[in-house]
Amino acid sequence: MSLILIVDDEPGVLQTFGDWLESDGYEVATAGSAEEAMAWFRQTDRFPDAALLDIKLPGANGFELADWLSKDFDFSDVIFLTAFFWEEETRQELVARQRPYFEKPLKFTHEVLPFLRRYLAERHG
Amino acid sequence: MSRQAYRNSWAFFALVTLVAALVLAGSYFWLRADVKSEALSKHHRQVNNQLNQWQEQLYDATWDSLADTSDDVRHLGSYDEARLMTDTLAWYVYPDGHSFIEGMAVIGLDGQTRPSKQAAVINKDGEPLSPGRLARLKKEKPWLGDPWLDSYSFVIKAFQDDPGRSFYVSPLLPAPGRLVFITAAPWRDEAGRLKGAVIQQQAFDQLYRDVIKAGTNGVSLWLMDSRGTLGVATDGLAKTSAAAFLASGALPQAMAQGLKSAQEGLFGAGGSLVQGLGRDRAHLYWRTMGDHLIVAVVENAAELGAVGQRTLNRFGAIALISLLLLAAAGGAYTLASLRRENRMLEKTALRRYTGTVSHRVRNDLSVIRGVHEMLQHKLAGDKGALGVGLANAEAATEDIEDTVKELERLSQGQVELVYDGQVGKASMYRLHPDKWQGGQD
């Protein structure tokens, strides 16, 4: 069963997203901030198959968290979530990083879940 | 807008207005000094020119008279005395064209007019005036019937005292009803002994009217002889000034200067001074005719200060109106700027807030949409009320998403807020889809 980490400071989003993923057969872990996510990585004995990182987080943002994960844990299977795609700066950063992203509000049945299934299948055969 | 910014704007406006007021006030005072200086300078030139002209005319009149007496003395040897007088007097026709009033006479060593004296009342043809006209003239000129002084011994004495003297000009002398002055030339025999003199007597008032009066309109003028006898004072200021001049002891000095100037071939001396006349100050401009007469124009300093005042008053009024208009325009502009800046601040704050709102709403929509999609997923195929409600909720959610996107375009300046009037103190705005930030209407 694939493990997916969701990092978002909105409890409602975490809950809803988690419910959807679990209903689709995934194992889910959640964190409310970049620091919490780093702590989870340090203590886990299993890295997730994908980490969904909200960009706007309290403290370090989602981009910084992605950099930390890459540097400290050599982990790069990140997918960004953003409510700020309309911001030029955010959009440019997302394009530059060449990582998948979902724009909030998330469309679970038509966008998120089909993509995740495809993405994980490609990554892990 | 902060209270500080509000105060700064109005302080700037007050400062600009103050600077403008200072500039205008400075200009006004500078121009006032300049106009007054220029006007006074021009006025002084005019007064001096007029005085110079009068000085020359008085000089000419006196010397013409003296020349006549000298000519007559020369002719006395070949003319019958009475005939001489008649011929000569024909030249002295009174300005009315019919008579003369003063006249010439030959006086003896006793100072009395000789039988040849003219009664001073003949017409231009040398004939005695008709009794009727003479009577009318005597009514108008009470002294006409008796123009001669009782004695001219002072003339004889002057020539006797100074055997080399070739002419005599008297001071102003009181005659019945008038002041007169005498010009005279000595009549000597071949050995140089004084036999008498030829005199010409003129009413000073007549001389004044002929030579000066035409130029005295609105002028305070006085005329005085070397002894301080006041011949003419056109008004109260002139009388006061003449009395002050005499009392100050300036007359002998002026006459001494006049004599010196005459000896140097000039008409006389001249000058100006400031007189204190009670509480007023006056400017006095004077000229002498040799050392015989002094003519002066006096002007109140306060009235002189009024020279150019009308122009200045107009400038002052224009400057004041300009300042008021400037202040009004500046005030209106400041007020409009403050309101505009206030609206810009409001719009900027609103834009930033829309970004914040957008983030929150997008997260909330994620939850709502997640739940909604979950319900739709679990209730798939429900054609009942719940299914319709879910469809409506989806449409509403999409509408909210569109609204959020609109706010985001606003936040990014892709659409512009335009001012839509006031509701009380609140500024109202509406979206203007064709108005881009930094663009034009």
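Here is the naming used below: chain letters follow the sequence lines, and residue numbers restart at 1 for every chain.
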ask   = Under 30°, 30 to 60°, or over 60°: which ring-plane class applies to A:Tyr119 and A:Phe115, parallel, tilted or perpendicular?
value = parallel
ask   = Under 4.0 Å between a Lys/Arg side-chain N and an Asp/Glu carboxylate O for A:Glu111 and B:Arg369?
value = no
ask   = Which atoms of B:Glu401 come close to chain A, meaning under 4.5 Å heavy atom to heavy atom: side chain ones, backbone ones, both, or neither?
value = side chain
query = Using 4.0 Å as the upper bound for N to carboxylate O, is an ion pair formed by A:Arg97 and A:Asp67?
reply = yes
key: Flag if over 12 foreign heavy atoms under 6.0 Å of CZ, A:Arg117   = yes
key: Top contributor to chain A contacts, counting heavy-atom pairs under 4.5 Å, from B:Leu365, B:Val404, B:Asn363   = B:Asn363
note = Residue from A:Val112, A:Val13, A:Asp8 scoring the most non-hydrogen pairs under 4.5 Å with chain B is A:Val13
